[in-house]
Every structure is written in C-alpha cells, then in structure tokens.
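First the structure, in the form of structure tokens, and then the observations on it.
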Amino acid sequence: MAIDSTGGAGQNRAMSLLARTSIVSAATLSSRVLGFVRDAATAAVLGTGPAADALVAALALPLLARRLLSEGAFNLAFIPALAHAEGGGEGAPRRLAGATLALLFGTLLAFALLAALFMPQVIRLLAPGFEPGGARADVAVLCGRVAVLYLPFAGLAAIYGGVANGAHRVLLPALAPVAANLTVLAVIAVLLLRGLMESDTAAVAIAAATVAAGVSQLGLMVVAARGCPAAPGILPGGSAAISPAGWPWRKALGVIRAAAPAFLFAGLSQFRLIIIAAAVSASPGAVAALNYAQRLMDLPLGLVGASAGAVLVPALLRKSALSGAASDAPEASGRAMLAALAFALPAATGLAVLADPIVVTLFQRGSFDAEDAHLTGALLAILAVSLPAQGLERILSATASTAGRVKMAERVALGSLAVCLLSAFGLGLGAGPRAAAGAAALSAFASLLVLGGLLVRAGALVFSRAVLLSGLGLVAASLLMGGCVGMLAALWPAPEGQSAAAVRLAGLVASGAVVYGTAAWLLKALLPKLAPQG
C-alpha cells in the first residue's frame with residue numbers, strides 16, 4: 001500500500017506540474033495572440049514610415065529587457081537561490097529577495113537615467129543610418145527617453161514574479177504579459193479613434209504605453225507574490241518589514257551574475273534583431289518592417305524556448321541525478337531536438353512560403369500599405385530560414401547548462417553574435433536590407449553546428465539512428481508541405497478584400513497541416529522498419 005500511495009503522490013505531483021505548465025502555455029499563447037493584435041494595430045497607426053522606424057529603434061532596449069526579465073530567464077538563477085536560502089533560517093529567502101530587488105532595481109534605474117541622458121548617442125549606436133538631426137533621429141530620441149523608463153519596472157516585476165513562481169503561483173504571473181498587451185492596445189485604440197495616423201504624437205504615446213504596460217505587469221506580480229514567505233518587504237513598521245542592513249548583498253550580487261548566461265541565451269534572437277536593425281537603419285522603413293517580421297517569428301521561437309525551460313531542463317536534471325554516470329540525458333537532448341524540429345521545421349516552411357499572404361492578412365490596413373507588406377513579407381521569408389536553427393539553439397543551450405558546459409555555450413553564443421554583426425553590415429552595405437536579414441540564419445546555423453559539435457564531442461549530446469532518420473524524415477515532410485502549399489497558392493490567386501484573403505490563408509495553412517500530418521504519420525509507420533529496436 002505504501003508503494004501505491006507513493007505512486008499516487010507522484011502522479012499528483014506530475015498532474016500538478018502538468019496543470020501549471022498548461023496554464024503557462026495557455027497564457028503564453030494568449031499573450032502572443034494579443035501581441036499580434038498589438039503589432040497589427042501599431043502597423044495600422046504608423047505603417048513603416050519615419051515615425052515607425054523611430055519608435056522601433058527607441059523600443060529596442062525595453063523589448064530586450066522584456067525578453068530577458070519578463071519571460072522567465074531570470075528565474076533560472078533566482079528561484080534556485082531562493083530555494084537554497086530556505087536553509088538559512090526564518091526570513092532568509094525574504095532577505096535575499098529584498099537584496100536582489102534593491103540591486104536589480106537600482107542598477108536598472110541608474111541605467112535608464114543614463115540612457116535617457118545620452119539617448120542621442122544611444123540612438124546613433126542602435127540606428128547609425130538615422131541622419132543626425134533628421135526626423136527619424138529626433139523622434140527616436142524623444143520616444144527613447146520615455147520608453148527607457150520601462151526598465152526599472154521590468155526589474156521589479158521579475159523579482160516579484162520569481163517569488164510567485166517559486167511558490168508555485170503561476171496564473172497571475174502568466175497573465176502579466178496579457179495585461180501589458182491590453183494596456184498598449186487601449187492606447188492604440190484611442191489613437192485610432194482620434195485619427196493620429198503616422199504622427200510623432202502617436203509614436204510617443206505608444207512609447208509611454210510601453211511604460212504603462214510595465215507598471216501593469218508589476219501590479220499583477222506584486223499581487224501574485226502577496227503572502228509568499230520570500231516576498232520582499234521594505235515598508236517600515238509593516239509585518240513584512242526587514243532591515244536592509246541584514247540583507248545578504250553578496251549573495252544577491254551572485255544571483256544577478258548567475259543569471260547572465262540565461263540572459264545571453266534567452267536574448268540571442270533579440271540581440272540579432274538589434275544588430276540587423278542597426279545595419280539596415282539607413283533604408284527608410286526597413287527597421288519597422290524588420291520588427292514586424294520578427295514579431296511573427298516570436299510565437300514559434302517562444303514556444304520552443306518555453307518547452308526547453310519548462311520540460312527539457314527539469315527532465316535532464318532529473319535523469320542526471322538518478323542515473324549518474326550512466327545517465328541517458330544525452331539521448332534525451334537528442335530526442336528534445338527532434339521534438340523541436342517537428343514544430344520548428346513546418347513553422348519555418350509555412351512562414352517562408354506564405355510570408356506575403358500572412359503579412360497582408362495580419363498587417364495591411366490603415367497606414368500599412370501594399371508596399372510595406374511586400375517589404376515585410378520579404379524580410380519574414382528570409383528570417384524564417386533561421387527559425388529551425390534558432391529553435392535548436394535554445395535546446396542546445398539548455399543541454400549545455402545542465403551538463404555543466406555553460407562557459408563553452410557562452411563563448412559560442414558571443415561568437416555567433418560576432419558573425420551576425422559582420423555579416424549583417426557586410427551584406428547590408430552590399431545588397432540591402434533583405435541580404436542583411438540573412439545574417440540571422442548565418443549566425444544561428446554557425447552557432448548550431450559549433451555548439452552541437454562540441455556537445456557531441458563532450459558526450460553531452462547523442463543522436464540515435466532512429467532520431468537521425470526521423471530528423472531527415474521531418475525535413476522531407478516539411479519540404480513536401482512547402483512544395484504543395486506553394487503550388488496551391490499559385491493556383492489560388494490572391495483575392496480582393498480582407499475577409500477573402502483570410503479565408504485563402506486559412507485554406508493554405510490547413511492544406512499544409514494535412515500534408516505535413518500525413519507525411520509525419522507515414523514516417524512514424526516506416527521508422528520501426530528502418531531503425532529496428534535492439
């Protein structure tokens with residue numbers, strides 16, 4: 001009976017983990033959908049004109065902060081530190097959380113104030129193609145000085161969100177990005193009602209809405225963390241008050257340092273976007289179009305990253321702990337890469353083949369005209385090539401972290417950014433924005449090959465014959481899907497009107513899903529014959 005009871009408890013824990021993962025996944029999907037709506041509404045207001053270019057350049061730092069602090073990367077270092085602090089006596093987790101909050105908030109506030117003061121120089125670095133004193137540069141500086149105030153709020157939200165997640169409270173933290181998107185959408189709705197299209201006023205208002213979104217995120221995180229043992233309390237005289245004099249400042253600094261690798265790995269796609277945007281900034285409209293294209297890439301990339309953090313890392317740690325030297329964690333990483341490919345390959349193929357109808361259906365309205373859609377679609381098709389590599393890169397980063405190869409992965413990541421920098425500016429100067437966008441694929445595939453090779457050599461990554469054959473089959477299924485969808489798109493001309501265009505896009509997507517699903521089913525049936533067990 002004891003065994004049954006233990007098994008039942010284990011099943012309950014598994015179901016609890018599954019329930020929390022499902023909540024996070026559903027909230028993440030809702031946030032991404034609202035993000036699409038937000039981006040489509042922004043495109044309708046600003047198009048890809050000078051104000052749009054300026055706003056995108058100004059939002060580079062806030063978007064990077066959101067990617068690093070608001071999407072779970074900080075938790076990889078913060079939550080284990082809180083768990084370890086529980087052995088330090090009553091109030092130790094709260095003291096650590098308070099010290100970490102003070103350090104992170106103070107650092108980000110100082111950085112935000114310095115960035116606001118030197119915003120002309122920051123914009124010159126982020127968008128060297130903007131003519132100094134020109135319309136784009138001036139608006140970018142103004143928007144940047146407003147939007148950079150988002151950073152300290154993001155830091156506070158990360159601390160309270162980590163405290164809540166550490167106490168297994170996931171609903172409100174998962175809904176925080178939804179609240180942020182709704183805040184920005186409310187401001188955009190006012191702009192549309194007032195007819196402030198392609199105006200500097202609209203750009204500044206959206207920049208301010210970004211800061212308001214950070215405040216709304218923070219509010220939900222504070223509510224989520226209320227009552228948690230580790231919730232920071234600094235109000236004098238309150239029941240949660242703890243004197244800052246007793247806070248473990250050195251340990252808090254260690255938490256922030258330990259989060260650096262997670263920040264780098266989580267922000268690779270955003271760092272690449274910043275580099276490529278700088279390379280194409282001399283071309284009018286290219287910065288905004290690149291941003292809209294990247295936003296469409298974020299959904300599949302985000303889902304792969306979430307699976308790596310919520311599923312792969314715990315599984316690898318558990319296998320390593322239980323199996324020791326005979327661990328099958330390397331093979332688990334290989335299977336995780338296969339699972340990521342099963343999602344990333346068809347997503348990349350679909351985005352590349354259907355780039356134009358996707359952009360037209362989602363974005364072409366208001367100030368976003370057919371020319372804007374053509375440029376954005378072309379950039380999306382090129383960026384889509386990098387999707388499988390960037391998705392697998394996240395799996396490899398998680399594998400390296402759990403295998404104790406963080407330094408190696410960091411060097412490879414920094415090298416890939418150097419490749420992106422050189423290729424983006426080289427290709428951009430020689431052949432324009434479309435060629436510069438190819439730097440994302442070049443750097444991601446270089447990172448994938450180098451890091452994957454090093455992990456295989458170190459024994460941290462193993463591919464069975466079945467995994468290799470399945471991977472080749474997924475490539476073939478995706479190519480077959482792309483060919484069939486491309487032929488159907490050629491035979492089914494683009495209609496007039498948004499509703500008819502949406503119906504055509506849905507039909508093309510559904511046909512692709514049928515072709516890919518059928519091919520994958522045949523692959524599953526044939527695989528045992530090609531790679532027999534034992």
Side-chain angles (χ1 to χ4, degrees), residues 14 17 21 76 261-262 264-266 268 300-301 303-348 386-416 441 443-478 519-520 523-534:
L17 177 61
T21 302
L76 295 178
L264 176 59
F265 301 146
L268 275 176
L301 269 179
L303 292 177
V304 172
S307 67
V311 180
L312 177 61
V313 171
L316 292 180
L317 290 173
R318 183 171 59 252
K319 288 176 180 293
S320 298
L322 294 177
S323 305
S327 172
D328 62 346
E331 291 187 6
S333 295
R335 293 191 295 271
M337 292 185 69
L338 181 65
L341 269 182
F343 178 75
L345 276 174
S386 71
L387 177 55
Q390 293 199 77
L392 293 182
E393 190 177 43
R394 297 191 175 196
I395 302 296
L396 292 182
S397 297
T399 301
S401 297
T402 56
R405 307 278 176 172
V406 175
K407 295 292 185 183
M408 178 180 73
E410 283 181 312
R411 289 193 292 268
V412 173
L414 292 173
S416 77
S443 63
F445 277 103
S447 172
L448 177 66
L449 292 174
V450 174
L451 183 55
L454 290 173
L455 289 173
V456 168
R457 184 178 178 181
L461 180 64
V462 173
F463 298 105
S464 65
R465 185 167 182 259
V467 167
L468 291 174
L469 287 174
S470 296
L472 291 175
L474 291 175
V475 172
S478 297
L523 169 67
K524 185 176 180 180
L526 290 174
L527 184 59
K529 300 177 182 178
L530 298 174
Q533 299 294 322

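The figures that follow rest on heavy atoms only: side chains count, while hydrogens, waters and symmetry mates do not. On a predicted model such as this, the values are computed, not experimentally measured, just so you know.
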Using every non-hydrogen atom in the two residues, find where L387 and P300 come nearest and quote the distance to one decimal.
CD2-CG, 3.8 Å
Using every non-hydrogen atom in the two residues, find where V456 and F463 come nearest and quote the distance to one decimal.
CG2-CE1, 4.0 Å
What's the spacing between L461 CG and R405 CZ if we round to 0.5 Å?
12.0 Å
G391 to L301 - nearest heavy-atom pair and separation
N-CD2, 3.8 Å
Which heavy atom of R394 sits nearest to which heavy atom of A266, and what is that distance?
NH2-O, 4.1 Å
Are L264 and L414 side-chain neighbours, meaning at least one heavy-atom pair lies under 4.5 Å?
yes
For L474, is there any backbone N or O sitting under 3.5 Å from a side-chain donor or acceptor partner on S478?
yes
Specify the closest pair of heavy atoms between I395 and A340, including all atoms of both residues, with the distance to one decimal.
CG1-CB, 4.0 Å
Can you find a pair of side-chain heavy atoms, one from L451 and one from T399, that are under 4.5 Å apart?
no
When rounded to the nearest 0.5 Å, the distance separating OG of S416 from CD of Q390 is 9.0 Å
Does a side-chain heavy-atom distance below 4.5 Å link M337 with L448?
yes
